[in-house]
> 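I have a structure I would like to understand better, so I am pasting it below and will then ask my questions one at a time.
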Amino acid sequence: MTRFCIITNTSNKVKMAIVDWRCTPNVAINDPLLMVGMPPALTAATGMDALTHAVEAYVSTIATPVTDSAALMAIKLISENLRCAVANGQNMEARDKMAYAEFLAGMAFNNASLGYVHAMAHQLGGFYNLPHGVCNAILLPHVEGFNLIACPERFVDIAKAMGENVEGLSVRDAADKALAAIKKLSSDVGIPAGLTELGVKEEDLKIMGENAMKDACSFTNPRIATLDDVIGIFKSAL
Ligand SMILES: [Fe+2]
């Protein structure tokens with residue numbers, strides 16, 4: 001339901017985003033019955049992709065109250081239902097809530113755009129043909145750890161939406177709870193701990209970092225990153 005399209009140039013291994021309202025589908029069928037047969041790993045990866053859409057939209061530099069409300073509800077629904085959908089793909093309540101969640105996350109990022117998680121994950125996809133959702137899930141806590149100082153209050157909201165108790169904590173400590181909750185969800189649903197497991201090599205990080213900085217998704221990231229920053233985030237996610 002979004003205006004985002006992704007295309008891979010296989011000759012230079014660059015995966016690019018095309019963002020234009022003309023790409024918006026006329027009709028999108030979002031029926032949880034069609035998702036029942038997805039295996040657990042695909043459910044986990046696509047669910048974590050949806051979480052990434054919501055988190056990146058929520059901390060985007062062009063977020064609005066409209067995208068915020070969609071993003072926060074998506075984060076809440078994913079936190080409450082992704083584990084159940086992975087554990088039992090025939091749990092229709094979990095599938096139904098996940099279908100709403102990914103749609104809401106789509107509404108959020110369709111208007112607020114994304115950030116460095118997607119900009120960097122696109123490069124991993126283009127370079128190694130790795131699954132998008134898994135790349136996002138691994139990168140998400142590392143990129144948001146980098147972004148945290150740009151908008152700590154936003155991360156407190158994310159922690160609360162993920163069901164974390166932040167009472168009595170400073171903004172900075174409460175913001176950290178969002179990162180911990182993301183990592184816990186990721187590991188609960190079986191996402192690999194790092195990029196090394198997926199075969200990512202340190203010698204490729206520079207070129208991927210350069211390409212990530214040109215990716216359209218990087219433009220709305222809340223913290224400005226240098227090439228060294230982007231390479232450093234890749235390294236921390238190895
Ligand atoms: Fe995505």
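The residues of the chain are indexed from 1 along the displayed sequence. Atoms within each ligand, like the ligands themselves, are counted from 1 in listed order.
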> Count the heavy atoms belonging to other residues, nucleotides or ligands that lie under 6.0 Å from CE of M16, then report whether that count exceeds 12.
yes

> Determine whether P152 and V156 make a side-chain contact, defined as any pair of heavy atoms from C-beta on separated by less than 4.5 Å.
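SC-SC contact between P152 and V156 ruled out.
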
> At less than 2.8 Å, how many protein N/O/S atoms surround the Fe ion (ligand 1)? Leave waters out.
4

> For the NZ atom on K76, are there more than 12 heavy atoms of other groups (residues, nucleotides or ligands in this structure) within a distance under 6.0 Å?
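Atom NZ in K76 is not packed in, count stays at 12 or less.
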
> Do E210 and K214 meet the salt-bridge criterion of a basic N to acidic O distance under 4.0 Å?
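Salt bridge flag = no for E210 with K214.
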
> T52: what forms a side-chain hydrogen bond (donor to acceptor under 3.5 Å, both in side chains) with it, not counting sequence neighbours?
none

> Is the shortest side-chain N to carboxylate O distance from R172 to D176 below 4.0 Å?
yes

